Protein chains: 2
Amino acid sequence: MPRRSAAVDSGRRARTETPLSRDRILAAAVGLADREGIESLSMRKLAHQLGVDPMSLYNHVRDKEDLLDGIVDVVVAEIEPAANGPDWQSTLRETILAARRTLLRHPWAARVIESRAAPSPSTLRHMERVMDIVRSAGFSLDLAHHALHVLGSRVLGFSQDLFDDSEDARPDPEAAALLARQLAVSHPRLGELAAATHDGGLGGCDDDVEFAFGLDLILDGLDRRH
Amino acid sequence: MPRRSAAVDSGRRARTETPLSRDRILAAAVGLADREGIESLSMRKLAHQLGVDPMSLYNHVRDKEDLLDGIVDVVVAEIEPAANGPDWQSTLRETILAARRTLLRHPWAARVIESRAAPSPSTLRHMERVMDIVRSAGFSLDLAHHALHVLGSRVLGFSQDLFDDSEDARPDPEAAALLARQLAVSHPRLGELAAATHDGGLGGCDDDVEFAFGLDLILDGLDRRH
DNA sequence: ACCTGAACACCGTTCAAGT
DNA sequence: ACCTGAACACCGTTCAAGT
């Protein structure tokens, strides 16, 4: 019975609202991933949310891989181009920080980008911008190439902080202190690090500060090799 | 009928061969992932390969997440510690290259490591080694902390080359040349890069060279800030 | 041309039952 | 203590049928 009423809804929607389209599907998929996490993004749930039969999606999307390619392209296209700064460092820095801001809005996106075999059109456009900045600054083709590699995932705004530092992944203060004391026994070098941070755990660092440190270190290194 | 004979086999095995254990399960899982890829690693296939009922695994492993935690720990434990070199740079370099060699043997491992929320015991041991190298070299706690972050996934041997450069992902030469000409129209900076590489495609770079370039750039940068 | 529903071949895991 | 099988609640996708 809910089945039937859903079918009626979808019939109504198809006539009175915008019909199904690839863009509408991709937008809904991004929204679903933002709201419920990427692991909750299934063809079936996505169809349900659009008020449509699961198989209807396949008229606009080849398969789930194609859907993932599509939402990556949508997200990367959100990265706003940076204005030209006084030197290549500041333009490149702003470009990469703009990418980071976009990726922080879609926390699932970094992982999905990594899982794609090839760059999407918007990703190519973004890489082109990065290459243009360094080539215009006079980098040799070879150094520009190295730059693209060493900047790695930073080009797309994520630095691969391997473990979860997020607020809600942190234990409460006394648990963190206990952990730090235990760590100090078996892993003294990590222990002293944990003891020095604000909350006594291994997390608790400022991601923005760490990202900027790494980015500037790389920009400096490239400048010296330039 | 195959069902029944499998049950008999498993009964036989349980008496004549080593019984099921967490270690045996993890070893089989690593082997399965090595041979057929991580996407083929399911609880059901793993049980089948061990000649055992799927649910038997749950006596030694809490759930699939626990299994993934386990195989990450096994792989990272394979990283051999580096001997002390003449300076901290060479010791750290060798430690990170050792990690890279291990991760290259298990191409699926980098992605699984990234998906874990917290470092495994062997990962902590490895990070402890890295921290010990820089602290023994006189790095301040703060700089050592930054170092761990900026080295990022390189500590575990992967540099996050975002897109597939592998041999078999490369198109044939004439197709690559065509792609390069098309790229040159819409993305001139990427086009000139593609034209300059050996096969005319965007891939075709030497991953080892790129990894070493990035690693040395970071080591130099850390040295200057030291 | 687009949408649908039934069906197939998979998943991970709970639970009650066996030894 | 360990193992098992049936069962549940999911997946992605093929295919034949509808409009």
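Letters A, B, ... are given to chains in the order of the sequence lines, protein chains preceding strands, and every chain is numbered from 1. Keep in mind that the numbers below use all heavy atoms, side chains included, and drop hydrogens, waters and symmetry copies. Note that the coordinates shown come from a computational prediction; the quantities given were computed from them, not determined experimentally.
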Any pair counted as ring pair (Phe, Tyr, Trp, His ring centres under 6.0 Å), so long as it reaches residues 176-197 of chain B, sequence neighbours left out: none

Reading DNA chain D from 5' onward, which residue's closest nucleotide shows up sooner: A/Arg44 or B/Arg44? B/Arg44

Please name all residues satisfying ring-ring contact (aromatic ring centres under 6.0 Å, His included) with A/Phe213, sequence neighbours left out, ordered by chain then number. B/His146

Examine C/dC11: is either OP1 or OP2 under 4.0 Å from a nitrogen or oxygen in the side chain of B/Lys64? Give yes or no. no

A/His48 NE2 to D/dC10 P, straight-line distance once rounded to whole Å: 12 Å

Of residues 109-117 of chain A, the positions that come close to DNA chain C - non-hydrogen atoms, cut-off under 4.0 Å: none

Looking across every strand, which nucleic acid part, if any, lies under 4.0 Å from A/Met43 by heavy atom: base, sugar-phosphate, or nothing? sugar-phosphate

Kindly say if A/His60 contacts the phosphate of C/dC3, meaning a side-chain N or O under 4.0 Å from OP1 or OP2. yes

Could you list the residues that satisfy side chain to side chain donor-acceptor pair (under 3.5 Å) with B/Glu78, not counting sequence neighbours? B/Arg105, B/His106

Pairwise distance CD1(B/Ile79) to CG(B/Leu103) - rounded to 0.5 angstrom: 6.0 Å

Length of the NZ-P vector between B/Lys45 and C/dA9, whole Å: 15 Å

For the pair made of OH in B/Tyr58 and C1' in D/dT4, what is the distance, rounded to whole Å? 14 Å

Looking at B/Arg22, B/Arg116, B/Lys64, which one forms a salt bridge (Lys or Arg N to Asp or Glu O under 4.0 Å) with B/Asp69? B/Arg116

Protein-nucleotide distance (A/Asn59, atom CG; D/dT13, atom P), rounded to Å: 14 Å

If one requires at least 3 consecutive Watson-Crick or G-U pairs with distances under 3.5 Å, the stems of DNA chain C turn out to be C:4-8 with D:12-16, C:12-16 with D:4-8

For A/Arg93, all residues meeting side chain to side chain donor-acceptor pair (under 3.5 Å), sequence neighbours excluded: A/Asp216

Once side chain to side chain donor-acceptor pair (under 3.5 Å) is applied, do any residues pair with A/Asp208, and if so which ones, sequence neighbours excluded? A/Arg100

Can you list everything that forms a side-chain contact (heavy atoms from CB on, under 4.5 Å) with A/Arg62? Sequence neighbours excluded, please. A/Asp66

How many Å lie between CG on B/Leu57 and C1' on C/dT13, as a whole number? 12 Å

Whole angstroms only, please: what is the CG-C1' distance between B/Asp53 and D/dG5? 6 Å

What's the CG-C1' distance between B/Asp66 and C/dT13, to the nearest Å? 14 Å

My understanding is that only residues two or more places apart in sequence, or in another chain, count here; which of them pass side-chain contact (heavy atoms from CB on, under 4.5 Å) with A/Arg101? A/Glu80, A/Glu94, A/Leu97, A/Ala98

Tell me which residues in residues 25-38 of chain B lie within less than 4.0 Å of DNA chain D, going by non-hydrogen atoms. none

Kindly determine whether A/Ile113 and A/Val75 satisfy side chain to side chain contact (heavy atoms under 4.5 Å, CB included), including the steps that lead there. CA-CA 10 Å; A/Ile113 289 170; A/Val75 165; 5.6 Å; no

Using the salt bridge (Lys or Arg N to Asp or Glu O under 4.0 Å) criterion, which residues pair with B/Asp73? Sequence neighbours excluded. none

Please list, chain by chain and in numerical order, all residues satisfying side chain to side chain donor-acceptor pair (under 3.5 Å) with A/Asp23, sequence neighbours excluded. none

Hey, does B/Ser56 reach any base, or is it just sugar-phosphate, or nothing, if we go heavy atoms under 4.0 Å? base

Whole-Å gap separating P (D/dC10) and CD (A/Glu39): 15 Å

Would you mind telling me which residue lines up with the more 5' stretch of DNA chain C, A/Met55 or B/Asp63, judged by nearest nucleotide? A/Met55

